[in-house]
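Written out below as structure tokens is the structure these notes cover.
So that the names make sense, note that chain A is the first sequence line, chain B the second, and so on, each numbered from 1.
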There are 2 protein chains.
Amino acid sequence: MDKNKIIRIKDIAKLSGVSVGTVDRVIHERGKVSEVSKAKVEKVLKEINYTPNLLAKTLGSNKVFKIALLAPHLDEDPYWNLALSALGSTQKEWQPYHIEILPFYFELHNADSYHKESERLLACNPDAVISAPIYLPEALTFSKKLKVMNIPFIHFNTLITEADPLAFIGQDLYQSGRLAASLLNLVCHDQKGSLATLHIVQSIQHSIHFQDKENGFNDYCKALASPQKTTSILINAHTQELFEASLLKAINEFEVKGLFIPTSSGAKKTAEVLRNNHLKDIKIVGYDLIQDNIDLLRSGEIEFLINQSPNKQLYRGVYHLAHHLLFKNPPPKKELFPLEIITRENIDSYTCAQILNQ
Amino acid sequence: MDKNKIIRIKDIAKLSGVSVGTVDRVIHERGKVSEVSKAKVEKVLKEINYTPNLLAKTLGSNKVFKIALLAPHLDEDPYWNLALSALGSTQKEWQPYHIEILPFYFELHNADSYHKESERLLACNPDAVISAPIYLPEALTFSKKLKVMNIPFIHFNTLITEADPLAFIGQDLYQSGRLAASLLNLVCHDQKGSLATLHIVQSIQHSIHFQDKENGFNDYCKALASPQKTTSILINAHTQELFEASLLKAINEFEVKGLFIPTSSGAKKTAEVLRNNHLKDIKIVGYDLIQDNIDLLRSGEIEFLINQSPNKQLYRGVYHLAHHLLFKNPPPKKELFPLEIITRENIDSYTCAQILNQ
DNA sequence: ATGAAAGCGCTAACAG
DNA sequence: CTGTTAGCGCTTTCAT
């Protein structure tokens with residue numbers, strides 16, 4: 001038993017008294033193998049710990065795997081821009097292993113475009129798919145098609161349990177809401193007033209995604225030793241003026257002392273209103289390291305950000321799919337990312353570090 | 001110009017009218033090549049864009065690179081246990097690329113043992129070294145030897161600028177102290193009293209490492225709109241009773257309302273004292289996700305932890321050295337890790353997620 | 001159904 | 001000095 005000895009297919013062949021070809025067929029379930037040979041090989045496989053050599057594997061094969069990516073267009077929204085910022089380096093990283101990543105972009109506020117791109121995607125018949133399923137019915141339809149075609153797929157960012165993806169990569173949104181509540185309570189527990197979740201309505205699907213966060217937020221406040229009053233503000237305004245008017249009205253009505261803004265882009269609009277109206281004492285907890293939010297955090301207009309690391313989500317999704325394709329390694333059903341708390345004092349350590357791949 | 005065509009050494013050989021052997025010699029500057037052949041090959045190389053195939057490269061070579069690791073023994077201390085917890089998977093990950101990681105462990109509180117292990121390490125003549133240089137003079141001596149022997153080395157955990165390593169992996173300790181101060185101020189700004197840095201002296205080298213943290217901590221408190229008084233408590237006690245007595249004395253003397261504990265293992269001893277003496281109102285900020293600290297955070301006896309991710313530090317160090325050896329890719333001179341804030345509400349998201357590699 | 005053998009791109013040992 | 005060739009471990013084709 002030489003522990004350091006690396007086991008090759010050749011070794012397995014010798015041990016089980018068949019040829020390398022047969023071992024290969026058993027391992028990959030390709031071609032025909034007699035029950036007898038199969039049993040012999042499997043017996044050996046069970047006894048030893050065989051790990052195929054990835055290098056030899058991809059070198060010896062000329063198959064190129066295609067992973068298709070379906071996500072919102074990166075020019076429309078800073079959050080998605082951030083999410084896709086690691087695409088280039090991820091592509092480069094996997095290229096040597098014969099894995100290609102083909103992006104398909106849909107328009108963020110256009111469910112129809114989502115559907116169309118998903119069709120274009122299927123047309124290139126990929127070996128696997130990673131997508132951000134932000135349109136519920138369309139994503140379900142798409143997932144069903146993938147199931148039928150037997151194409152493995154991973155979801156990131158948005159959890160749709162019914163779609164039953166190979167894996168989900170993202171955060172626990174309920175807990176994220178709890179965290180936000182705990183932070184907001186920390187900075188304004190000594191003032192009177194209520195804490196509000198601010199929903200800025202842009203399109204319907206958002207409400208689903210953000211409900212979990214709000215639930216966590218409210219539950220946390222309710223369960224406090226001295227319960228904290230919470231409210232929910234829903235604003236559907238197309239101009240900044242209308243938005244301002246609605247927000248001010250709500251702030252007055254509920255005596256708001258802290259705002260929880262579950263969208264990454266909402267904090268800027270909100271901070272602007274507070275600034276213009278000298279409402280410095282109202283604290284904000286927002287989401288994600290998009291430039292606007294970083295600036296607001298530095299200037300002191302936002303108290304905390306919670307980082308969802310959307311770029312890492314994509315990176316990990318590709319990682320899991322690649323391993324699935326290359327080794328049939330099943331990924332964990334759910335990979336929940338840490339809920340990263342960002343403040344003025346640690347923001348630099350997040351923006352300077354380029355610890356992406358890895 | 002077929003863009004998709006991947007250029008092989010064979011192609012270069014054909015284009016320059018020499019053999020693959022000669023091309024290989026030119027590319028790697030090994031063996032003897034006539035000026036004429038060299039010129040021919042270099043001309044072709046300049047015209048085309050040749051990227052060697054890593055897979056073929058490592059597969060075709062039987063050179064195994066040895067990366068030696070020098071770190072404290074993992075059985076002595078939970079922090080180092082955590083730091084080295086990823087060693088096994090890291091070794092496994094790099095094995096296929098012909099990279100071996102050979103650990104050498106020294107005794108944490110024994111500079112002599114550090115020296116001895118560093119000598120043993122050199123005796124195995126490694127191709128690169130990654131070490132935690134926690135003993136200043138010994139680490140400098142060691143670094144000088146490595147420089148002379150032309151062995152690339154990376155430092156993690158502790159920064160020693162004079163040693164001039166290929167790279168440093170760790171955190172900005174000054175900023176880390178500032179962060180701790182901001183957190184502690186958040187939870188006890190409404191009480192009277194001072195905030196104290198608690199140094200539990202175990203051996204001399206610690207003072208160097210932790211001074212930066214304390215400076216950041218104090219500077220932050222001084223610069224507040226209403227400056228916060230700070231003190232420094234130094235305890236050198238061999239029994240928990242002596243420790244308790246000293247700590248209580250200091251707490252009374254300085255009217256301590258919050259404690260900053262820059263070592264990962266100090267929080268437990270301290271929390272115990274506070275618990276026994278019903279000093280619930282004194283808040284603690286500590287370091288690292290070792291089990292004791294996790295428990296104390298959950299039970300509410302610690303307010304915040306700052307995570308140094310020592311396991312990732314090692315992982316990244318190996319990553320950089322491997323790339324350096326395989327591709328001559330120079331790593332960044334410094335890789336500073338994010339200062340991760342851990343609270344009761346996000347601890348689960350850190351302990352559940354097994355997002356280590358990568 | 002199975003074994004033998006020819007690659008994949010690169011390295012390194014071996015003749016000249 | 002230079003060309004040739006035998007691997008590295010796995011895939012895939014081709015006989016048998």
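DNA chain C is contacted by B:Asp24, B:His28, B:Arg30 of residues 20-47 of chain B, taking any non-hydrogen atom closer than 4.0 Å.
For the salt bridge (charged side-chain N to carboxylate O under 4.0 Å, His left out) condition, the pairs that include at least one residue of residues 25-41 of chain B, sequence neighbours left out, are B:Asp24-B:Arg30. A side chain to side chain donor-acceptor pair (under 3.5 Å) check over residues 49-73 of chain B, counting only residues at least two apart or in different chains, returns the pairs B:Lys63-B:Asp127.
For B:Ser118, there are no side-chain hydrogen bond (donor to acceptor under 3.5 Å, both in side chains) partners at least two apart in sequence or on another chain. Taking the ring-ring contact (aromatic ring centres under 6.0 Å, His included) definition, one finds that B:His320 meets it with nothing, sequence neighbours left out. For B:Phe104, the ring-ring contact (aromatic ring centres under 6.0 Å, His included) criterion is met by no residue, not counting sequence neighbours. In this structure A:Tyr97 satisfies the ring-ring contact (aromatic ring centres under 6.0 Å, His included) test together with A:Trp94, sequence neighbours excluded. Annotation: ring-ring contact (aromatic ring centres under 6.0 Å, His included) contacts of A:Phe156 (sequence neighbours excluded): none.
The distance between atom CD1 of B:Ile12 and atom C1' of D:dG3, rounded to the nearest whole Å, is 17 Å. Taking atom NZ of B:Lys63 as the reference point, atom C1' of D:dG7 lies 19 Å away to the nearest angstrom. If you take CG of B:Leu59 and P of D:dG7, they are 14 Å apart, rounded to a whole angstrom. Atom NZ of B:Lys10 is separated from atom C1' of D:dT5 by 13 Å (rounded to the nearest Å). A straight line from CG of A:Asn53 to P of D:dG7 spans 18 Å, rounded to a whole angstrom. A:Leu326 has its CG atom 14 Å from the C1' atom of D:dT11, to the nearest Å.
Between B:Gly17 and B:His98, the residue whose closest nucleotide on DNA chain D is further toward the 5' end is B:Gly17. When the nearest nucleotides of DNA chain D are assigned to B:Gly60 and B:Val18 by heavy-atom distance, the more 5′-ward of the two goes with B:Val18.
When DNA chain C is scanned in the 5' to 3' direction for atoms under 4.0 Å from non-hydrogen atoms of chain A, the outermost contacting nucleotides are C:dA1 to C:dG9.
At its two ends the helix from C:dA1-D:dT16 to C:dG16-D:dC1 runs along axes set 50° apart, each axis drawn from five pairs and the angle rounded to 10°.
No side-chain donor-acceptor contact under 3.5 Å links A:Glu100 to the backbone of A:Gln95.
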Between side-chain atoms of residues 139-151 of chain B and protein atoms elsewhere (two or more places apart, or another chain), which donor-acceptor pairs fall under 3.5 Å?
unit_1	atom_1	unit_2	atom_2	d
B:Thr141	OG1	B:Pro137	O	2.9
B:Ser143	OG	B:Ala139	O	2.7
B:Lys145	NZ	B:Glu119	OE2	2.4
B:Lys147	NZ	B:Asp164	O	2.8
B:Lys147	NZ	B:Asp164	OD2	2.9

Show which side-chain atoms of residues 10-17 of chain B pair as donor or acceptor with protein atoms under 3.5 Å away, not counting sequence neighbours.
unit_1	atom_1	unit_2	atom_2	d
B:Asp11	OD1	B:Arg8	NH1	2.8
B:Asp11	OD2	B:Arg8	N	2.7
B:Asp11	OD2	B:Arg8	NH1	3.0
B:Ser16	OG	B:Ile12	O	2.6

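For the OP1/OP2 pair of D:dT11 and a distance below 4.0 Å, the side-chain nitrogens and oxygens of A:Ser61 include no atom meeting the criterion. Side-chain nitrogen and oxygen atoms of A:Tyr50 include at least one within less than 4.0 Å of the OP1 or OP2 phosphate oxygen of D:dC10.
Here the CG atom belonging to B:Asn311 is positioned 7.5 Å from the CG atom belonging to B:Asn307, to the nearest 0.5 angstrom.
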